[in-house]
Amino acid sequence: MKIAVVFGTRPEIIKLSVLVKLAASSPGVGLEIIHTGQHYSYNLSERFLEDLGLPHIKEDIAVGSMERLDQLRRMVAGLEVALENACCDLVTVQGDTNSTLAGAIAGRNLSLPVAHVEAGLRCFSPLMVEEINRIAVDRISDVCFAPTPIAAVNMEKDGLDAGKVFLVGNTIVETVRESLETAHRRSRVLAEYELEKDRYVLITAHRQENVDDKQRLKNLVRAFELIELPMIYPVHPRTLERMVEFELLHRLEAISNLTLTDPLSYFDFLELASSSRLIITDSGGIQEECTVYKKPIIVVRDSTERPEIVGTFGQVIGSDPEAISEEVRRLDDKYREITAALDSLPSPYGDGKASERILETLLRLYG
Ligand code: UD1
Ligand code: UDP
């Protein structure tokens, strides 16, 4: 069996890394990794390939950044050629990005079976690009790997054939478990930014619905101005661009207890996240990772496709500055109590064997 694994962005590389390494070391399994090039900056792509020990990538579509439909069209065209050259038996994609959708369409166009890792997530905001991508990819795919029972039920409600849905867990659990020890050993990030363990807030916000909307981005900046704890914020390039465009960067830079950084390596980020007091984020992956290193998070969105964490590891707070800073105060006041409770909670995203189950299932179906 020869598997094509298609990815193009930071979270896809992270979440497919263990599956790729398993496939690469399994006798009788051929592997072709195809990078769409949606993320191309060293600190969003290459650095993760190196740190997570991924094998050599033979095909890179090098699409770059552009308007969504143009990007999709170019990725699909490039992927069709790459997939044909690779003579693969099936295509595996992950998540909900433009690269995920392009991989699924290209596979379908070539009549190859398509497997979707992290299928069935729904936030029920129909206009969100990621929601559109998820629904389309689940529909197109021949095999849908649901990370949780809720995701499996979502696909059942959408009328998808139950025979193509496999409940396996989320691959992020094994990625974090494999990387956390190395992060603790290697990373000097706390010393570098003069942060004290368990005393600072880690922030990430990059989602289109947050940062491309001037008022929402303004609200987030206001929220950070109201927070009194030390904060660190690795800024995604999309966010940096919008901060400049909406003339908000100077306000962010003026917050004396906030450190801004470039996007961090996975080991530095894991070290920062697992040593933080709490996390403010709109990231999908971080909503899952926090259940492994057991940190409370504040989701600065109006909805989440990860309802498994709501009421335990996280709260969905939206973008109201007062509500965000109030939630920070609440978590800060009850830090010991809350983290003690989280420490004893298992991750709702599985036992760290999702990648193994995915490979076994693919071998059973297509081997
Ligand atoms: C994409 C995903 C989003 C995911 C995120 C992970 C879609 C629709 N969105 O958003 O779901 O959460 O990746 O990080 O697929 N840029 C760079 N260097 C790069 C890539 C992008 O500087 O390597 C800049 C470009 O100016 C670009 C902007 O970031 O216009 C946005 O990049 P894009 O890939 O379109 O979307 P993300 O915001 O990264
Ligand atoms: N991450 C990282 N460095 C950073 C910010 C995030 O390594 O500076 C990792 C984080 O640990 C998680 C993933 O990137 O595994 C999340 O990606 P992102 O937030 O870009 O995308 P999303 O998950 O929202 O699609």
Side-chain angles (χ1 to χ4, degrees), residues 7-17 35-48 51-52 62-72 75 93-103 118 121 123 128-134 136-137 170-176 178-180 183 187 189 202-212 232-245 260-274 276 279-293 295 297 299-301 304-306 349:
F7 54 51
T9 70
R10 172 170 72 185
E12 293 159 70
I13 297 171
I14 292 171
K15 288 178 175 180
L16 286 170
S17 61
H35 195 317
T36 65
Q38 180 178 342
H39 281 179
Y40 45 85
S41 298
Y42 174 71
N43 60 13
L44 289 184
S45 175
E46 187 73 30
R47 177 160 207 176
F48 290 84
D51 282 353
L52 293 167
V63 71
S65 303
M66 65 194 69
E67 189 273 324
R68 172 174 153 83
L69 290 181
D70 265 347
Q71 191 181 50
L72 279 171
M75 284 194 285
V93 295
Q94 194 280 340
D96 54 18
T97 69
N98 291 347
S99 296
T100 317
L101 179 58
E118 199 180 272
L121 273 62
C123 67
M128 247 183 72
V129 177
E130 288 85 356
E131 184 83 349
I132 295 166
N133 290 346
R134 284 176 203 130
V137 177
N170 197 307
T171 57
I172 194 71
V173 177
E174 47 265 32
T175 309
V176 175
E178 275 196 7
S179 307
L180 207 51
S187 174
V189 72
L202 171 62
I203 300 171
T204 81
H206 73 284
R207 288 301 183 113
Q208 205 172 324
E209 80 261 28
N210 265 335
V211 305
D212 286 11
I232 181 158
Y233 183 177
V235 184
H236 189 286
R238 174 189 284 276
T239 313
L240 185 61
E241 277 170 29
R242 296 302 170 267
M243 288 281 180
V244 172
E245 183 186 334
L260 300 174
T261 76
D262 285 334
L264 295 172
S265 76
Y266 195 50
F267 296 131
D268 280 347
F269 190 83
L270 274 187
E271 180 64 4
L272 261 190
S274 61
S276 68
I279 302 169
I280 299 177
T281 192
D282 60 8
S283 159
I286 298 166
Q287 290 178 63
E288 296 152 354
E289 286 179 347
C290 72
T291 68
V292 185
Y293 44 70
K295 289 289 171 182
I297 67 165
V299 180
V300 285
R301 289 175 45 191
T304 181
E305 57 294 314
R306 273 105 177 159
Y349 296 107

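Note that ligands are numbered from 1 as they come in the structure, with each ligand's atoms numbered from 1 the same way. Throughout, residue positions are numbered sequentially from 1 according to the sequence presented.
- Counting only heavy atoms of the protein, atom 39 (O) of ligand 1 lies nearest to His39 NE2, 2.7 Å.
- Distances below 4.0 Å separate heavy atoms of Pro263 from the following atoms of ligand 2: 8 (O).
- Residues Val129 and Asn98 share a closest heavy-atom pair of CG1-OD1, 3.9 Å.
- With distances taken over non-hydrogen atoms, the option nearest atom 15 (O) of ligand 1 out of Leu44, Asn98, Val63 is Asn98.
- Contacts of Lys15 with ligand 2, taken as heavy-atom pairs under 4.0 Å, are absent altogether.
- Closest protein heavy atom to atom 6 (C) of ligand 1: Pro11 CD, 3.5 Å.
- Scanning all protein heavy atoms for the shortest distance to atom 12 (O) of ligand 1 gives His206 NE2, 2.8 Å.
- Those atoms of ligand 2 with a heavy atom of Pro234 less than 4.0 angstrom away are 8 (O).
- Considering only non-hydrogen protein atoms, atom 21 (C) of ligand 1 sits nearest to Ser65 OG, 3.6 Å.
- In terms of heavy-atom proximity, Phe48 sits nearest to Leu264 at CZ-O, 3.6 Å.
- Across the listed options Asp268, Asp96, Leu264, Leu264 owns the non-hydrogen atom lying nearest to atom 3 (N) of ligand 2.
- Applying the 4.0 Å criterion to heavy atoms of Gly284 picks out, from ligand 2, the atoms 22 (P), 23 (O), 24 (O).
- The shortest separation from a heavy atom of Arg68 to ligand 1 is not under 4.0 Å, leaving the residue out of contact.
- Ranking the protein heavy atoms by distance from atom 3 (C) of ligand 1 puts Glu130 OE2, 3.3 Å first.
- The protein atom (non-hydrogen) at minimum distance from atom 13 (C) of ligand 2 is Ile14 CD1, 3.7 Å.
- The residue Glu130 has no part lying near ligand 2, judged by heavy-atom distances below 4.0 Å.
- In terms of protein heavy-atom proximity, atom 20 (O) of ligand 2 is closest to Arg10 NH2, 2.8 Å.
- Taking each of Thr204, Thr97, Ile132 in turn, the one with a heavy atom nearest to atom 2 (C) of ligand 1 proves to be Thr97.
- Atom-to-atom distance recorded for Tyr349:OH and Gln287:CD is 6.5 Å, nearest 0.5 angstrom.
- The shortest N/O to N/O separation between Ser99 and ligand 1 does not fall below 3.5 Å.
- Interface of Ser41 with ligand 1, defined as ligand atoms under 4.0 Å from a residue heavy atom, comprises 17 (C), 18 (N), 19 (C), 22 (O), 23 (O).
- In summary, the atoms of ligand 2 found under 4.0 Å from a heavy atom of Glu289, numbered by their order in the structure, are 10 (C), 11 (O), 12 (C), 15 (O).
- Taking atom 21 (O) of ligand 2 as the reference point, the nearest protein heavy-atom neighbour is Pro11 CG, 3.4 Å.
- In this structure, Phe7 and His35 have perpendicular ring planes: the angle between them is above 60°, well past the 30° mark.
- Nearest protein neighbour of atom 38 (O) of ligand 1, counting heavy atoms only, is Arg238 NE, 2.5 Å.
- Less than 4.0 angstrom separates some heavy atom of Tyr266 from each of these atoms of ligand 2: 7 (O), 11 (O), 15 (O).
- The single protein non-hydrogen atom nearest to atom 34 (O) of ligand 1 is Gln38 NE2, 3.1 Å, given as residue, atom name and distance.
- Geometrically, ligand 1 and Arg10 share no nitrogen or oxygen pair separated by less than 3.5 Å.
- Atoms of ligand 2 lying under 4.0 Å from at least one heavy atom of Phe48, given by number and element, are 2 (C), 7 (O).
- Nearest to atom 19 (O) of ligand 2 among the protein's heavy atoms is Ser283 OG, 2.8 Å.
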